[in-house]
Amino acid sequence: MRTIQQLFDLKGRTALITGGSRGLGLQIAEALGEQGARVVLSARKADELQSAQAHLKARGIEADWIAADGSRDDEIARLVDEALAKLGHVDILVNNAGATWGAPAEDHPIEAWDKVMNLNIRGLFLLSQKIGKLSMIPRRYGRIINVASIAGLGGNPPGSMETIAYNTSKGAVINFTRTLAGEWGEHNITVNALAPGFFPSKMTKGSLDRLGVDKMCEGVPLHRLGDDEDLKGAALLFASDAGKHITGQILAVDGGVSAV
């Protein structure tokens with residue numbers, strides 16, 4: 001019987017993390033890398049990926065990167081090819097790349113709707129499909145972690161955010177997670193989702209500047225926002241053998257918002 005340290009150990013495992021150059025993706029990369037996983041980060045901007053690589057190296061984590069646009073079919077195909085060339089296979093896929101757009105529903109631009117949907121759910125599906133078919137299913141092993149949001153569990157309070165496309169896309173991610181878990185369980189692939197609450201990031205900066213920290217903490221039982229450590233434990237559970245009997249689950253990491 002393995003020790004708890006062995007169950008959480010990721011030595012010998014490989015991980016591809018989209019949206020890995022900053023924010024929640026980089027936080028997850030730190031967690032997996034510190035536990036021994038070989039990490040490849042992906043995002044659109046090479047300079048941000050290089051900075052993330054240097055940041056991880058300073059923490060003793062060797063990481064590689066691939067610049068790719070996760071909303072484009074051809075870029076997703078290239079990302080898969082290059083990731084498999086670098087890693088040999090992908091044990092852990094973290095679908096973190098995402099976009100948002102703020103506008104009243106009655107005025108929401110269709111182009112913005114498509115931008116959010118193409119990255120947040122269509123690209124996530126295509127990448128999961130390709131990694132699953134080419135790497136995880138043949139090897140009968142895989143851990144897929146989708147980064148959803150508590151925005152996918154419900155709407156927004158009046159007077160707060162106007163993000164109908166984002167909320168809709170994250171709701172789709174949640175049911176995508178459950179459905180894929182049901183289909184791919186026979187291949188020894190687990191599929192789970194993290195549903196973060198409000199974390200300070202480049203994506204949330206506009207809302208944070210407009211509403212302020214105090215307003216954003218209203219209704220949060222723990223009276224705080226997420227920080228740069230708060231996703232690590234949950235991500236590691238889903239990525240490691242400690243969570244090998246957990247699939248199709250949505251774990252809110254939100255300070256208790258979804259519980260009240």
Mind checking side chain to side chain donor-acceptor pair (under 3.5 Å) for [X] and listing every partner two or more places apart, or none if nothing turns up?
X      : result
Thr177 : Asn146
Ser71  : Asp69
Arg78  : Glu75, Glu82
Asp47  : none

Those residues that, when tested against [X], pass salt bridge (charged side-chain N to carboxylate O under 4.0 Å, His left out) (two or more places apart):
X      : answer
Lys115 : none
Arg143 : Asp241
Glu218 : Lys215
Asp227 : Arg224

Can you check whether [Y]'s main-chain N or O pairs, donor with acceptor, with [X]'s side chain at less than 3.5 Å?
X      : Y      : value
Asn118 : Asp114 : yes
Ser240 : Leu236 : yes
Arg72  : Gly123 : no
Arg140 : Glu186 : yes
Glu62  : Lys57  : no
Gln27  : Asp230 : yes

Using the test side-chain contact (heavy atoms from CB on, under 4.5 Å), find all partners of [X] that sit at least two apart in sequence or belong to another chain.
X      : answer
Lys133 : none
Asp91  : Arg13, Thr14, His89, Arg139, Tyr141
Glu183 : Thr179

ask   = Atom CZ in Phe8, atom OG1 in Thr3: separation rounded to 0.5 Å?
value = 10.5 Å
request  = Calculate, to the nearest 0.5 Å, the distance between atoms CG and CG belonging to Leu231 and Leu26 respectively.
outcome  = 12.0 Å
query = Under a single-linkage rule joining Ile, Leu, Val, Met, Phe, Trp and Tyr whose side-chain heavy atoms are separated by less than 4.5 Å, which residues share a cluster with Trp101?
reply = Val116
ask   = Taking it one step at a time, do Asp73 and Arg122 satisfy salt bridge (Lys or Arg N to Asp or Glu O under 4.0 Å)?
value = CA-CA 9 Å; Asp73 295 15; Arg122 188 176 190 275; 2.5 Å; yes
remark   = Ala193 and Phe238 have their tightest heavy-atom pair at O-CE1, 3.7 Å
remark   = Taking every heavy atom of Leu41 against every heavy atom of Ala29, the minimum-distance pair comes out as CD2-CB, 3.6 Å
query = Do Asn192 and Thr247 get their side chains close enough for a donor-acceptor pair, meaning under 3.5 Å?
reply = no
request  = Check whether the side chains of Asn95 and Ser128 place a donor and an acceptor atom closer than 3.5 Å, and report yes or no.
outcome  = yes
task = Taking atom CG of Leu126 as the centre, report whether more than 12 heavy atoms of other residues, nucleotides or ligands fall under 6.0 Å from it.
result = yes
key: Verdict with supporting geometry, His108 and Glu162, side-chain hydrogen bond (donor to acceptor under 3.5 Å, both in side chains)   = CA-CA 9 Å; His108 201 292; Glu162 296 172 320; over 6 Å; no
